[in-house]
Structure formats: C-alpha cells, structure tokens
Amino acid sequence: MKTIHILNGPNLNLLGRRQPDIYGHETLADVETACEKLAHSLGLSIVFRQSNHEGELVDWIHTAREEAVGIVMNPAAYTHTSVAILDALNAFEGPVMEVHISNVHKRESFRHHSYVSLRADGVIAGCGTEGYLLALRRLATLVAD
Ligand code: DQA
C-alpha cells in the first residue's frame with residue numbers, strides 16, 4: 001500500500017485550544033482520525049506526525065524519502081522562515097502538498113511568504129482542517145498509477 005506522510009510543525013499540538021477563532025475547535029487527533037478514514041477509502045496508508053522542532057521535521061522529511069510516495073505538510077510558523085525545511089523537501093522526489101488551516105494571505109504580511117511554496121506542488125490555505133483532506137485527495141490523484 002502506498003504511504004503518505006502528514007507532517008505538522010510547531011504549536012499544532014495545541015490545535016483546538018490555540019486561538020480557536022483562527023484555527024477552529026478540532027484537535028490534531030481529530031484531524032488524524034479524519035485523515036486515516038479518508039486515506040483508507042482512497043486505498044492509501046498514512047503516517048501522521050507533529051513536532052515543535054525544525055530539525056526533527058527535517059529528519060522526518062528524510063525518512064519520507066525512504067517510506068512515502070507523497071507528503072502533506074503544514075509547516076506552521078516554519079513555513080515563513082525555514083530554508084532547511086525547503087532544502088529537505090527539495091530532496092524528496094514525490095509530490096508535496098502544503099496546507100494551512102487559516103488563510104495566511106488574509107493575515108499579517110510576514111505570513112504571506114512561504115519558503116515551502118517554492119517546492120510544493122499545491123497549496124491549500126483557509127479551508128480549515130478540511131484542507132488536510134483536500135490535500136490527501138489531490139495526492140491520491142498525483143500518485144495514482
Ligand atoms: C498555519 C499558519 C502559520 O502562519 C502559523 O504560523 C501556524 C499555522 C496554519 O495552519 O494556518 O502555526 O500554518
């Protein structure tokens with residue numbers, strides 16, 4: 001079975017409790033459950049991870065090189081700062097979907113630039129946690145035989 005790695009950056013462990021007016025009331029565990037369910041119906045398996053540490057996210061992208069056919073990533077604040085995550089994604093051969101729960105373009109100007117978008121095959125922002133499901137569907141199309 002093809003495996004998709006879903007990687008989440010800093011502070012997303014607080015999803016549901018952190019600024020719910022912006023990020024909603026669903027927890028990251030709820031998002032993982034919804035992704036598991038959809039992936040199963042698409043004939044895919046997922047690995048779902050979250051870290052507050054840039055280097056750990058870089059290591060997990062390296063792991064994805066060996067184990068995953070595609071990556072869904074919400075790099076959170078590292079989106080706007082991390083050349084290291086961009087470089088790691090550039091070393092990954094499969095498709096990459098970038099997800100943001102909020103519409104970053106409607107927010108502060110420092111959120112308008114994304115290093116990850118220089119690599120991503122698609123970007124979903126402002127669709128709430130449903131964005132993860134939209135990204136998974138798109139990856140299912142991109143990795144289909
Ligand atoms: C985010 C948007 C980022 O600007 C922010 O730093 C996050 C979450 C989102 O999902 O909307 O932590 O990636």
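As the structure lists them, so they are numbered: ligands from 1, and atoms in each ligand from 1. Side chains are part of it too, since the values below use all heavy atoms of this structure and drop only hydrogens, waters and symmetry mates.
At distances below 3.5 Å, at least one donor-acceptor pair connects side-chain atoms of N52 with backbone N or O atoms of N11.
V58 belongs to a hydrophobic cluster whose other members, connected by ILVMFWY side-chain contacts under 4.5 Å either directly or through intermediates, are L7, L57, W60, I61, I71, M73, Y78, I85, L89, F92, V96, V116. Applying the 4.5 Å side-chain rule to ILVMFWY residues, one finds L86, Y115, L118 in the same cluster as V83. V123 shares a hydrophobic cluster with no other residue; no ILVMFWY side chain has heavy atoms under 4.5 Å from its own.
Contacts of ligand 1 (protein heavy-atom distance under 4.0 Å) are R18, Y23, N74, A76, A77, H80, H100, I101, S102, V104, R111.
Enclosure of atom CZ in R137 is not indicated, since only 12 or fewer non-hydrogen atoms of other residues, nucleotides or ligands lie within 6.0 angstrom.
Salt bridge R49/D59: absent, no basic N to carboxylate O contact under 4.0 Å.
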